[in-house]
Number of protein chains: 2
Amino acid sequence: MVTDVGRTPRAEQVGATRLQILTTAERLFAEQGLYAVSNRQISAAAGQGNNAAVGYHFGTKADLVRAIVRRRTPRIESLRQEMVTAAAGSRDVRDWVACLVRPVTAHLASLGDPTWFARFSAQIMTDPAFREIMAEEALAEPSLREVLVNLYEFAPDMPADVREDRGNMIRHLIVHVCAERERSLAEGAATPRSTWDEAATGLIDAITGLWTAPCTGDSGR
Amino acid sequence: MVTDVGRTPRAEQVGATRLQILTTAERLFAEQGLYAVSNRQISAAAGQGNNAAVGYHFGTKADLVRAIVRRRTPRIESLRQEMVTAAAGSRDVRDWVACLVRPVTAHLASLGDPTWFARFSAQIMTDPAFREIMAEEALAEPSLREVLVNLYEFAPDMPADVREDRGNMIRHLIVHVCAERERSLAEGAATPRSTWDEAATGLIDAITGLWTAPCTGDSGR
DNA sequence: GCCTAAGTCAATCAACTGATTTAATTCTAG
DNA sequence: CTAGAATTAAATCAGTTGATTGACTTAGGC
């Protein structure tokens, strides 16, 4: 396994093979579903005569999934880091909500069209066997925690359990709304918003409303 | 295939077998993931010596999934129907949001503990191969459309694309928040809300805030 | 310039998959 | 009370899975 991609002709070749596998796997998983795609199909679709190329380079399917996640998350984290420093000191909730949403949408926009990472992520986060991978890799990023801390300051009176509840909601919203938009784009169907940037604005509006909504006592109905 | 369960000893037996398979499949799918469970495993876990019991009674895996959905949705639809008639004429947004949330949470509560349908549903709605099944079976219910029409009246100035966007968000929220709560319950972990009823209240608060949030012009950031 | 190690390829393995077939059992209809 | 259909059981099918194996190719250190 070689990490210094491009340093030598050989390492370049290997790095290209690994990248090709990651790209192909991400696409197949997004299009057909995690359960429907075997390592063999990925190897073949990635142009590897070797039917065990996935196993050789990455190991198990869980290892492959983790590698796909690790390929994407650093870029998202750095985008978020930039936004967090830019938002430092802001007293506008929307600025901090934007720190959650825009790194994701901007990353997807930068990947061109079509993209597959959003649908891939949504599946990973929903599957009982894989959700922990995503949680470990993406949800523990330092800038993410910083955003949440700032967000909490806008709702000092909100009970801790409600905060946790709504934090979960925000996570689900971002992941699945992006996945659904990506799917519509891939199918050539109409999307409510015409660009990733507008989709982000829509999400920020909605999440801001969700976060600042009053919370009822637990008297129920 | 017999439909009149319980009319005769024979039909009762068959109906019990089919129910046992549906229950077992729902549980295994929720716990291990759709892709990780074969029809054989389901047949065996359902106590059927016949390793082809699933195929015999239901056909393909997609047919089985559809049958699981159809087993649950009528009850949810009738709960929603009741709430819609009770809410008729109400000018409180929360009443109509409740018509979306409480039928689902009340149904889950009525299934006892633990439940598996919420996690099962979340997976179905996220999988590219199965999402249409859920859309056909559950999202076309008449009372659902009625709620949406009423909800629209509280946001007469909201552009159609924003309405569509936020409608999608609401759907994702309900499905995945319930699935996550169900998972926490199954793992014995702490949940933000202690009952399904309180979870529903939290969802209604959040969704109401989301729905009534102002929407920004599309100038972006 | 050769030799080691990394990567690629192709064949093979047992295990498992959905599906089909055959046999045994159970119940119903007449 | 029997003829026959429906259900359950069990064996079997070809195809696919992840994993292992050894042969071949090639880059890079000595």
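Each chain gets a letter, A, B and so on, in the order its sequence line appears, and its residues count up from 1. Being a predicted model, the structure only gives us computed values, none of them experimental. No hydrogens, no waters, no symmetry mates; every other heavy atom, side chains included, goes into these values.
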Seminar exercise, completed: Sorted by chain and residue number, the ring pair (Phe, Tyr, Trp, His ring centres under 6.0 Å) partners of A/H172 (sequence neighbours excluded) come out as B/H176
For this session: Classify the side-chain pair A/R119/B/T126 by whether it contains a donor and acceptor separated by less than 3.5 Å.
Result: no
Problem set entry | Residues A/T73 and A/E77: side-chain donor-acceptor under 3.5 angstrom | no
Is the phosphate of [N] approached by [X] (side-chain N or O, under 4.0 Å from OP1 or OP2)?
X     : N      : value
A/S38 : D/dT17 : yes
A/T17 : C/dT8  : yes
B/H57 : D/dT8  : yes

Rounded to the nearest Å, what distance is computed from the [atom1] atom of residue [X] to the [atom2] atom of nucleotide [N]?
X     : N      : atom1 : atom2 : result
B/K61 : C/dA19 : NZ    : C1'   : 14 Å
A/Q41 : D/dG15 : CD    : P     : 16 Å
A/Y56 : C/dA10 : OH    : C1'   : 16 Å
A/Q32 : D/dT17 : CD    : P     : 11 Å
B/Q20 : D/dT8  : CD    : C1'   : 15 Å
A/I21 : D/dG18 : CD1   : P     : 13 Å
B/L64 : C/dG18 : CG    : C1'   : 13 Å
B/L34 : C/dG18 : CG    : C1'   : 16 Å

Identify all side-chain donor-acceptor contacts of residues 163-170 of chain A below 3.5 Å with residues at least two apart in sequence or on another chain.
from	atom 1	to	atom 2	distance (Å)
A/D165	OD2	B/R193	NE	2.8
A/D165	OD2	B/R193	NH2	3.3
A/R166	NH1	A/L210	O	3.3
A/R166	NH1	A/W211	O	3.4
A/R166	NH1	A/A213	O	2.8
A/R166	NH2	A/P214	O	3.4
A/N168	OD1	A/R171	NH1	2.9

Exercise. With sequence neighbours left out, what residues match B/W116 under side-chain hydrogen bond (donor to acceptor under 3.5 Å, both in side chains)?
Worked result: B/E31
Seminar exercise, completed: Residue set satisfying side-chain hydrogen bond (donor to acceptor under 3.5 Å, both in side chains) with B/R145, at least two apart, ordered chain then number -> none
Exercise. Which nucleotide sits closest to the side chain of A/Q48: D/dA19, C/dG18, C/dT8?
Worked result: C/dT8
Exercise. Can you list every pair that meets side chain to side chain donor-acceptor pair (under 3.5 Å) and has a residue in residues 42-51 of chain A, with sequence neighbours left out?
Worked result: none
Under 3.5 Å, which protein N or O atoms sit close to an N or O of nucleotides 10-13 of chain D? Give each pair with its distance.
from	atom 1	to	atom 2	distance (Å)
D/dA11	N6	B/N51	OD1	3.4
D/dT12	O4	B/R40	NH2	3.2

